[in-house]
Undergrad: 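First the structure, which I've put down as structure tokens, then a few questions once you've had a look.
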Amino acid sequence: MDFILNLYKYLSKPFVEELVNSLEKKRTNSLILNTSKISEDDFIKLFPHVKKHPLLKYVYYFDKDEYDFGKNFLLIAGAYYIMDASSLIVSSLLNIQDYDLVLDMCSAPGGKTISLLLYNKDKDFEMISNDLSHSRALELSKNIERIGASNVIVTNNDLSTIKHKLLSTFDKIILDAPCSGSAMFRKNELAKKDWSIDKVLSLKETQINLLNIAYDMLKEGGEIVYSTCSFSYEENEEVILEVLNSHKDLKLINIPLKDGFYKDSKVKECIHLFPNLYEGEGQFISLLKKTGNSQKSIKNPAKANLNIKNEIIKRYNLDFKNKLMLKEKLYLNNNPLDLSIFNLIRPGLEVMEIRKNYEIPSFHLAHYLNSKESISLTESEKNAYLHGEEISKILPLKNDYYIVSFNNINLGFVKYSNGRLKNLYPKGLRH
């Protein structure tokens, strides 16, 4: 069975023709703004031709030929995250509450986690963002660092091997499942060549297994948002129907119909975002709830806190419950779980690297903090800093570590020494 015949399973011939034609058109581009770093007004002043998303806050469409946001320093500064507008719907549907404990099961490169954080920056909640692939988890970790998030633990686990330690643990779960990727056709020619019905059916089994794992880890009263970037019925509605049949206490929450959304008549609570209807690359989304009443997490971490007191924690008033050392780096977090069961990549806010005789504040910390106490750079100084150069600047400051910023957006740390700003911008980011 080829791709088009597979679509006829639940879509009419005229609709399939429209959909297939849309896959030959130019792909869309969009981003979500981190308004903790740059306001929407300031962003629009800089880039007046972006287009506001009609449904989502902080989300903008852009023409890549006019604005190459992937090469702008604001990306590394964490002022926005580039992500497909279809995928950006997913995390907007979770009703996050204070003190929720959230799991993103297949998180890399981090878009669902980051968009959830940016939609809910006024909420006090904690996250575990996991990916099975170590290399992809490292990329996820870098993106969390850039955005400056302090309430995310990045892990690299096969969740099937530790789910017995996490039964009924999470209030909300994001499962953006591995899929055959037909919504990637405009972005990646290889995805089109690699599509087959055998791949669809194989991944269907993987998706069902992952949803069953999510069910086990979900609290009573908790919610799962399940999504794929596939147009195949087998990976979407059929997966949902089979899982609902296995778990009678799992119910679908209706996603309201809005302009650009498509609903199949058999499973009306879920939505498809097809590129012939919705300005994006495509997504299937369903929202599930486990019956019962949720109880908030009040567990204390199993490990005692480290007895570390230093000037950086005191200076920036870093008030977190837990301290944790990983590979000579100090992390802070408020997560209530025993983190020893996870393969940790980034266990919270990275504060500093601790060496024998000195402590070096981290790039992550610079992106977490606001710019109020930073050294403001001119544009030429900013460019020199991003190139990794030392900057001469006489300031009424004692010799110490300081954050540097440009237009009130933090870039990273320097070490001020007698009129010289010694550059601590990460070598891998310099250009």
Side-chain angles (χ1 to χ4, degrees), residues 1-32 49-56 59-70 82-90 92 111 176-204 207 226-240 255-286:
M1 181 186 295
D2 68 12
F3 173 64
I4 293 176
L5 286 176
N6 182 240
L7 295 178
Y8 289 153
K9 184 166 185 174
Y10 72 114
L11 299 171
S12 69
K13 188 173 180 179
F15 191 93
V16 170
E17 288 177 356
E18 284 183 18
L19 172 57
V20 172
N21 287 336
S22 73
L23 297 179
E24 300 301 320
K25 296 179 180 178
K26 188 177 179 180
R27 60 172 297 206
T28 59
N29 295 281
S30 53
L31 58 78
I32 181 167
H49 297 152
V50 295
K51 184 178 75 172
K52 187 83 173 71
H53 193 285
L55 302 176
L56 298 172
V59 175
Y60 292 85
Y61 291 104
F62 64 92
D63 182 346
K64 193 174 180 181
D65 293 333
E66 181 176 11
Y67 300 131
D68 193 352
F69 284 114
I82 298 170
M83 188 174 174
D84 172 46
S86 302
S87 298
L88 281 161
I89 292 283
V90 176
S92 74
D176 184 41
C179 70
S180 60
S182 36
M184 303 288 286
F185 284 2
R186 296 200 296 197
K187 180 180 179 181
N188 186 348
E189 187 67 26
L190 184 60
K192 188 184 296 187
K193 293 178 180 177
D194 193 45
W195 190 95
S196 72
I197 190 61
D198 288 340
K199 183 177 181 180
V200 167
L201 296 176
S202 174
L203 284 164
K204 174 186 174 181
Q207 293 150 1
Y226 171 82
S227 62
T228 76
C229 56
S230 169
F231 301 140
S232 295
Y233 197 80
E234 293 87 348
E235 298 179 81
N236 298 324
E237 283 89 350
E238 284 189 9
V239 167
I240 295 301
I255 300 172
L257 185 63
K258 296 181 180 179
D259 286 346
F261 293 5
Y262 176 94
K263 293 196 173 197
D264 179 67
S265 59
K266 294 178 184 176
V267 191
K268 294 180 180 179
E269 296 87 350
C270 310
I271 61 169
H272 286 270
L273 303 174
F274 291 120
N276 56 316
L277 297 180
Y278 174 89
E279 192 173 353
E281 299 309 291
Q283 201 85 15
F284 168 81
I285 312 173
S286 60

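Every heavy atom of this structure was used, including side-chain atoms; hydrogens, water molecules and symmetry mates were not. Note that the numbering runs from 1 along the sequence shown for the chain. Keep in mind the model is a prediction, meaning the values are calculated, not measured.
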Undergrad: How far does NZ of Lys51 sit from OG1 of Thr28, to the nearest 0.5 angstrom?
TA: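 Lys51 atom NZ to Thr28 atom OG1 measures 9.5 Å (nearest 0.5 Å).
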
Undergrad: CD1 of Ile240 to SG of Cys270: how many Å apart, nearest 0.5 Å?
TA: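 So the CD1 of Ile240 and the SG of Cys270 are separated by 5.5 Å.
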
Undergrad: Please determine if Glu24 and Arg186 form a salt bridge, counting it only when a charged side-chain N lies under 4.0 Å from a carboxylate O.
TA: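 So Glu24 does not pair with Arg186 through a salt bridge.
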
Undergrad: Does Lys263, at its NZ atom, have more than 12 non-hydrogen atoms belonging to other residues, nucleotides or ligands within less than 6.0 Å?
TA: yes

Undergrad: Go through it in stages, so that I can follow the logic: the residues are Leu277 and Phe261, the test is side chain to side chain contact (heavy atoms under 4.5 Å, CB included), and I'd like the CA-CA distance, side-chain angles, deciding distance and then a yes or no.
TA: CA-CA 7 Å; Leu277 297 180; Phe261 293 5; over 6 Å; no

Undergrad: Residues in side-chain hydrogen bond (donor to acceptor under 3.5 Å, both in side chains) with Ser230, at least two apart?
TA: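 Scan of Ser230 (side-chain hydrogen bond (donor to acceptor under 3.5 Å, both in side chains), adjacent residues dropped) gives Ser180, Glu235.
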
Undergrad: Any heavy-atom pair between the side chains of Phe62 and Asp68 that's under 4.5 Å?
TA: no

Undergrad: Between Thr228 and Asp176, does the side-chain hydrogen bond (donor to acceptor under 3.5 Å, both in side chains) criterion hold? Intermediate values first, please.
TA: CA-CA 6 Å; Thr228 76; Asp176 184 41; over 6 Å; no

Undergrad: Any carboxylate oxygen within less than 4.0 angstrom of a Lys/Arg side-chain nitrogen, looking at Glu281 and Lys187?
TA: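 The answer is no: the pair does not qualify as a salt bridge.
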
Undergrad: Between Pro178 and Leu203, which heavy-atom pair has the shortest distance, and what is it?
TA: O-CD2, 4.0 Å

Undergrad: Just jot down the side-chain contact (heavy atoms from CB on, under 4.5 Å) partners of Met83, sequence neighbours excluded, or say none.
TA: Tyr81, Ser87, Leu88, Lys112, Ser115

Undergrad: Verify the ring-centre separation between Tyr60 and His53: is it less than 6.0 angstrom?
TA: no

Undergrad: Side chain to side chain contact (heavy atoms under 4.5 Å, CB included) between Asn6 and Asp2: does it pass, once the steps are laid out?
TA: CA-CA 6 Å; Asn6 182 240; Asp2 68 12; over 6 Å; no

Undergrad: Measure the OG-CD distance between Ser232 and Glu237 for me, rounded to the nearest 0.5 Å.
TA: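 Going from OG on Ser232 over to CD on Glu237, the span is 10.5 Å.
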
Undergrad: If every non-hydrogen atom of Ala191 is compared with every non-hydrogen atom of Met184, which pair is closest and at what distance?
TA: CB-CB, 4.0 Å

Undergrad: Residues in side-chain hydrogen bond (donor to acceptor under 3.5 Å, both in side chains) with Asp264, at least two apart?
TA: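 By the side-chain hydrogen bond (donor to acceptor under 3.5 Å, both in side chains) rule, Asp264 matches Tyr233.
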
Undergrad: Is Tyr278 reaching over with its side chain to a backbone N or O of Ala85, donor-acceptor style, under 3.5 angstrom?
TA: yes

Undergrad: Any salt bridge (Lys or Arg N to Asp or Glu O under 4.0 Å) involving residues 6-21? Give me the pairs, sequence neighbours left out, ordered by first then second residue.
TA: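 Of all non-adjacent pairs touching residues 6-21, those that pass salt bridge (Lys or Arg N to Asp or Glu O under 4.0 Å) are Lys9-Glu234, Lys9-Glu238.
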
Undergrad: Which residues satisfy the ring pair (Phe, Tyr, Trp, His ring centres under 6.0 Å) test with Tyr226, sequence neighbours excluded?
TA: none

Undergrad: Cut-off 3.5 Å, side chains only: do Asp84 and Ser30 have a donor facing an acceptor?
TA: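 No pair is found: no donor N or O on one side chain lies under 3.5 Å from an acceptor on the other.
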
Undergrad: Holding to side-chain contact (heavy atoms from CB on, under 4.5 Å), I want the full list of residues that pass it with Asp259, two or more places apart in sequence or in another chain.
TA: none

Undergrad: Return the CZ to CZ distance between Phe231 and Phe284, rounded to the nearest 0.5 Å.
TA: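 The distance works out to 12.5 Å.
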
Undergrad: Just to verify, what does Phe15 make a ring pair (Phe, Tyr, Trp, His ring centres under 6.0 Å) with, not counting sequence neighbours?
TA: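 By the ring pair (Phe, Tyr, Trp, His ring centres under 6.0 Å) rule, Phe15 matches Tyr262, Phe274.
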
Undergrad: Using ring pair (Phe, Tyr, Trp, His ring centres under 6.0 Å) as the criterion, list what pairs up with Tyr67, not counting sequence neighbours.
TA: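 So Tyr67 forms a ring pair (Phe, Tyr, Trp, His ring centres under 6.0 Å) with Phe47, Phe69.
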
Undergrad: What residues, two or more places apart in sequence or in another chain, satisfy side-chain hydrogen bond (donor to acceptor under 3.5 Å, both in side chains) together with Glu189?
TA: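 Partners of Glu189 by the side-chain hydrogen bond (donor to acceptor under 3.5 Å, both in side chains) criterion come out as none, since no residue qualifies.
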
Undergrad: Roughly how far, to the nearest 0.5 Å, is CG of Asp194 from OG of Ser182?
TA: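 Answer for the OG-CG pair, Ser182 versus Asp194, is 12.0 Å.
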
Undergrad: Could you walk me through whether Cys179 and Gln207 pass side chain to side chain contact (heavy atoms under 4.5 Å, CB included), step by step?
TA: CA-CA 8 Å; Cys179 70; Gln207 293 150 1; 3.6 Å; yes

Undergrad: Does any N or O in the side chain of Ser86 come within less than 3.5 Å of the main-chain N or O of Gly282, such that one atom is a donor and the other an acceptor?
TA: yes

Undergrad: Output all residues satisfying side-chain hydrogen bond (donor to acceptor under 3.5 Å, both in side chains) with Lys64, sequence neighbours left out; order by chain, then residue number.
TA: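 Lys64 satisfies side-chain hydrogen bond (donor to acceptor under 3.5 Å, both in side chains) with no residue once adjacent residues are dropped.
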
Undergrad: Got Val20 and Ile4 here, is their nearest side-chain heavy-atom distance under 4.5 Å?
TA: yes

Undergrad: Taking the six-membered ring where the residue is Trp, are the ring centres of His272 and Tyr10 under 6.0 Å apart?
TA: yes

Undergrad: Could I get the full list of salt bridge (charged side-chain N to carboxylate O under 4.0 Å, His left out) partners for Asp65, not counting sequence neighbours?
TA: Lys26

Undergrad: Rounded to the nearest 0.5 Å, how far apart are CD1 of Ile285 and CD1 of Ile255?
TA: 6.0 Å

Undergrad: Residues in side-chain contact (heavy atoms from CB on, under 4.5 Å) with Ser92, at least two apart?
TA: Leu56, Ile89, Tyr119

